[in-house]
Peer 1: 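I have a structure here, written as C-alpha cells, and I will follow up with some questions on it.
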Amino acid sequence: MGWLFHRTTKRFVTTLGAIGLIAGLAGCSTNRATGEDSFTAFMSPDQEKEVGAQEHPKMVQEFGGSYDEKDLPRYVTEIGNKLAAVSEAPDEKFTFTVLNSAVINAFALPGGYVYITRGLAALASNEAELAGVLAHEIGHVVARHSAQRYSRGVLTQILAGGLSVALGSGASEIVGVGANAYLTSFSREHEFEADMLGVRYITRAGYDPQGMASFLKKLRAHSRLQAKLAGRSPDDIDQFDFMATHPRTLDRIEQAQKAANVTVSANPELGTVRYMTAIDGIIYGDGPDNGYVRGTQFIHVPLDFRFEVPEGFSMVNQPDAVIAQDDGGAQIVFEGAPKAKGVRLDQYLSRGFSSKIAITNIENIDIDGQEAATGYADVNMKSGTKARLRVVVIRHGENAYQFLFIVPLANVDSYNVALRRTTYSFRPLTKQEQQKYHPLRIKVRAMNPEYNLATFIDQMAVPREPADTFAVLNGLEAGQLPAQGSLIKVVIN
C-alpha cells in the first residue's frame, strides 16, 4: 500500500471512499462452484439475467441467426440440461443455442445463455466432446465469471478516476457495455476454473472426461489447418476461431482433471453413434447467405454474382469480405461499398472512398453491362514496402461492391493481366448456376474393409486440402486410416 502515499491527499481520500463504498456493497460473495470468496459487487444475479436476456437476441443476430436443421438445438439442449442438472446450480434456467456460423466457437453470456456454432458441432465426433465444451461454458456461468470480470473492471475505474462511475449504475448501464465485453478472453484463472468445473460436470453426468482432451487436439489441428489455408505459419494457431478466446493446453486439461477431484465411472460414455446421427447432414462451411468459395471462384446466390481469382491465390470467405492472396505478396479484397450507392462511381472514388488515400487516374468502365469505375494510388504498407492499390467499384443491382487489388509496386506489371481478368470475371449468375450451387454438408459413413483412405478423400467436396480436412474432421493424423467399424465424417456437395 506504499504507493498510496505518493498520490495527492484528495486522491487518497477518494480511494478510501471507494474502498468504503465497496465494503458497503458487500462486494464479496461465495462462489457456489468453488466455495471461495468472489468479488461480484457491481453485477448481481438479477442483473446477470437481465444482461443475458437483453443481449441474447443481439448475439444470435450477430452470428448469423440460430441453426435449426436436423433438430440439432433440441439435441444440444438435452445434453446441456443434463450437465446443468449436476452442477452447483441445478435449478437455474439455461438457454442453449446453436448459431448458424461456420466459425468454430463457443461462449456464454451472464444469466445462463450458452452458445455453440454449427462449425463446432461439425468438428466434434461424439457427445463427450460436445459435452466438454458445454460444461466448460456452464462452468463460467455457475462460477459467475462475467460478474467477477465486470466488477473488477468497475473497481479499476473507481481507483483510477473516482466514485462517479459506480453511482447509479443499473442493469441498463451494464447492458450498455455491449455483448463484445462478454466475448473477450477470460483470465487464465477463470479459464482453468471453467475447465475444472467442466471436468466435474461431464464426469458426474457419466461422460468420458477424456473428451475434453480429444476435442482440444482437434481444435489445435483445425487451427493449424486454417492458418495454412490463410497462407500463415501452421504454428500461428491462436489467431483462429476457438483458440483465440480459449487459450488452453493439454497440460492444463490434465491439471483441471486432477483439480476436479471426481471419480470416473467404470464405463464412461462417449455417445458416438447418437452424436454422429445428430450431425449427419448438417451444413459444413459457408451457408447460402455468406456465399461459397469453390476453388478459385466465389459464388453468392442470394446476391446474384460470381467472380474468379487467379490461379495460385488462396481465398478465404470472412463475414465482411472475401480475401485472397498469393505467395508473391499480392492481395485481393472484395467487399461491399455502401457509400457508393446512389452516387456516381467516379465521384465515389475521388471523394468517398477514403479521406487518407487519394485515388488517381480514375476512369469509368463497363463490366458485363454493369456500371463501374477504377483508379489507383501508390501506398506505403506497414511492412515498409511500397504497393499499388487499385480500386474497382461496381454497381450491381441496388448494391455496390469493390475490389481492392494490392500489389507490391515492383511487381505491378506482372499482375496486370491476371487481376484484369478477375475484374471482368464479375457477373450475374445464370439460372443454371443459381440452381447448381448449394452448401456443403457433413455425411457420416461407416468404415469397412473395402474402403481405403482414398475412398474418403475422393468424396471430400472441400475446395482445398481435402486430405488434411478429412484428417482434422475425424481426429486422425495425416495419412492415418480410420479404424474398422468406426463412423467417419466426409464433406459432400
Side-chain angles (χ1 to χ4, degrees), residues 231 286 290-318 320-350 352-354 357 359-379 387-437 463-464:
D286 297 321
N290 297 320
Y292 310 122
V293 173
R294 297 290 188 267
T296 59
Q297 301 174 17
F298 181 77
I299 302 100
H300 204 302
V301 176
L303 297 179
D304 187 29
F305 68 77
R306 65 176 293 164
F307 63 83
E308 188 169 351
V309 300
E311 291 288 343
F313 276 73
S314 301
M315 186 161 35
V316 177
N317 187 14
Q318 298 185 348
D320 299 323
V322 179
I323 299 175
Q325 59 186 14
D326 75 345
D327 293 337
Q331 189 174 63
I332 301 170
V333 178
F334 178 83
E335 60 188 2
K339 292 183 180 179
K341 293 179 63 175
V343 300
R344 283 178 44 179
L345 298 185
D346 56 347
Q347 292 181 354
Y348 163 73
L349 289 180
S350 63
F353 171 72
S354 172
I357 300 175
I359 303 297
T360 62
N361 294 85
I362 297 172
E363 58 178 318
N364 292 308
I365 58 176
D366 180 283
I367 298 177
D368 198 51
Q370 300 164 109
E371 177 190 357
T374 185
Y376 67 83
D378 293 338
V379 297
R388 173 153 299 173
L389 165 65
R390 176 169 287 280
V391 184
V392 178
V393 58
I394 308 168
R395 198 182 309 282
H396 178 66
E398 297 181 354
N399 299 311
Y401 304 95
Q402 62 191 19
F403 285 105
L404 309 180
F405 299 109
I406 307 162
V407 180
L409 198 57
N411 301 327
V412 167
D413 292 342
S414 63
Y415 283 95
N416 278 343
V417 173
L419 298 185
R420 183 179 176 85
R421 286 175 179 164
T422 293
T423 297
Y424 287 94
S425 71
F426 184 94
R427 62 170 175 80
L429 301 174
T430 65
K431 288 185 179 180
Q432 291 81 4
E433 288 170 334
Q434 289 175 341
Q435 298 172 353
K436 172 183 177 181
Y437 290 102
R464 298 166 57 207

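What you are looking at is a predicted structure, and each value in this text was computed from that prediction instead of being measured. Along the sequence shown, the residues carry numbers beginning at 1.
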Peer 1: What residues form a side chain to side chain donor-acceptor pair (under 3.5 Å) with Y437, not counting sequence neighbours?
Peer 2: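 Partners of Y437 under the side chain to side chain donor-acceptor pair (under 3.5 Å) test: none.
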Peer 1: Looking only at atom types and distance, does a side-chain atom of R427 sit under 3.5 Å from a main-chain N or O of G369, one as donor and one as acceptor?
Peer 2: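 Absent.
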Peer 1: List for me each residue that meets side chain to side chain contact (heavy atoms under 4.5 Å, CB included) alongside Q318, sequence neighbours excluded, and say none if there are none.
Peer 2: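 Listed in chain order: V316, I323.
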Peer 1: Is the shortest side-chain heavy-atom distance between Y401 and V393 below 4.5 Å?
Peer 2: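 No; the side chains remain at least 4.5 Å from each other.
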Peer 1: Any donor-acceptor pair under 3.5 Å linking the side chain of N317 with the backbone of N290?
Peer 2: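 It does hold such a pair.
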Peer 1: Checking side-chain polar atoms at under 3.5 Å, does N364 have a donor or acceptor matched by the opposite partner on E371?
Peer 2: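 Side chains of N364 and E371: no pair found under 3.5 Å.
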Peer 1: Can you list the residues that meet the side chain to side chain contact (heavy atoms under 4.5 Å, CB included) rule with E311, with sequence neighbours excluded?
Peer 2: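 If we apply the side chain to side chain contact (heavy atoms under 4.5 Å, CB included) test to E311, skipping adjacent residues, the hits are T296.
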Peer 1: For the side chain of Q297 and the backbone of R294, is there at least one donor-acceptor N/O pair under 3.5 Å apart?
Peer 2: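 No, because the side chain of Q297 does not come within donor-acceptor range (under 3.5 Å) of the backbone of R294.
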Peer 1: Kindly list each side-chain donor-acceptor pair under 3.5 angstrom involving residues 411-421, sequence neighbours excluded, with atom names and distances?
Peer 2:
| unit_1 | atom_1 | unit_2 | atom_2 | d |
| --- | --- | --- | --- | --- |
| S414 | OG | N411 | O | 2.7 |
| Y415 | OH | D326 | OD1 | 3.4 |
| Y415 | OH | D326 | OD2 | 2.7 |

Peer 1: May I have the step-by-step check of side chain to side chain contact (heavy atoms under 4.5 Å, CB included) for H396 and L303, ending in yes or no?
Peer 2: CA-CA 9 Å; H396 178 66; L303 297 179; 5.6 Å; no
Peer 1: Listing request: all salt bridge (Lys or Arg N to Asp or Glu O under 4.0 Å) pairs with a residue in residues 334-348, at least two apart in sequence or in separate chains.
Peer 2: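 Residue pairs with at least one partner in residues 334-348: R344-D346.
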Peer 1: Apply side chain to side chain contact (heavy atoms under 4.5 Å, CB included) to I367 and V392, showing your working.
Peer 2: CA-CA 10 Å; I367 298 177; V392 178; 3.9 Å; yes
Peer 1: Would you check if the side chain of S314 reaches a backbone N or O of A324 as a donor-acceptor pair within less than 3.5 Å?
Peer 2: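 Here the side-chain-to-backbone pair does not exist.
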Peer 1: Under the rule for ring pair (Phe, Tyr, Trp, His ring centres under 6.0 Å), what residues qualify as partners of F403, not counting sequence neighbours?
Peer 2: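 Ring pair (Phe, Tyr, Trp, His ring centres under 6.0 Å) check on F403 returns F307, F334, F405.
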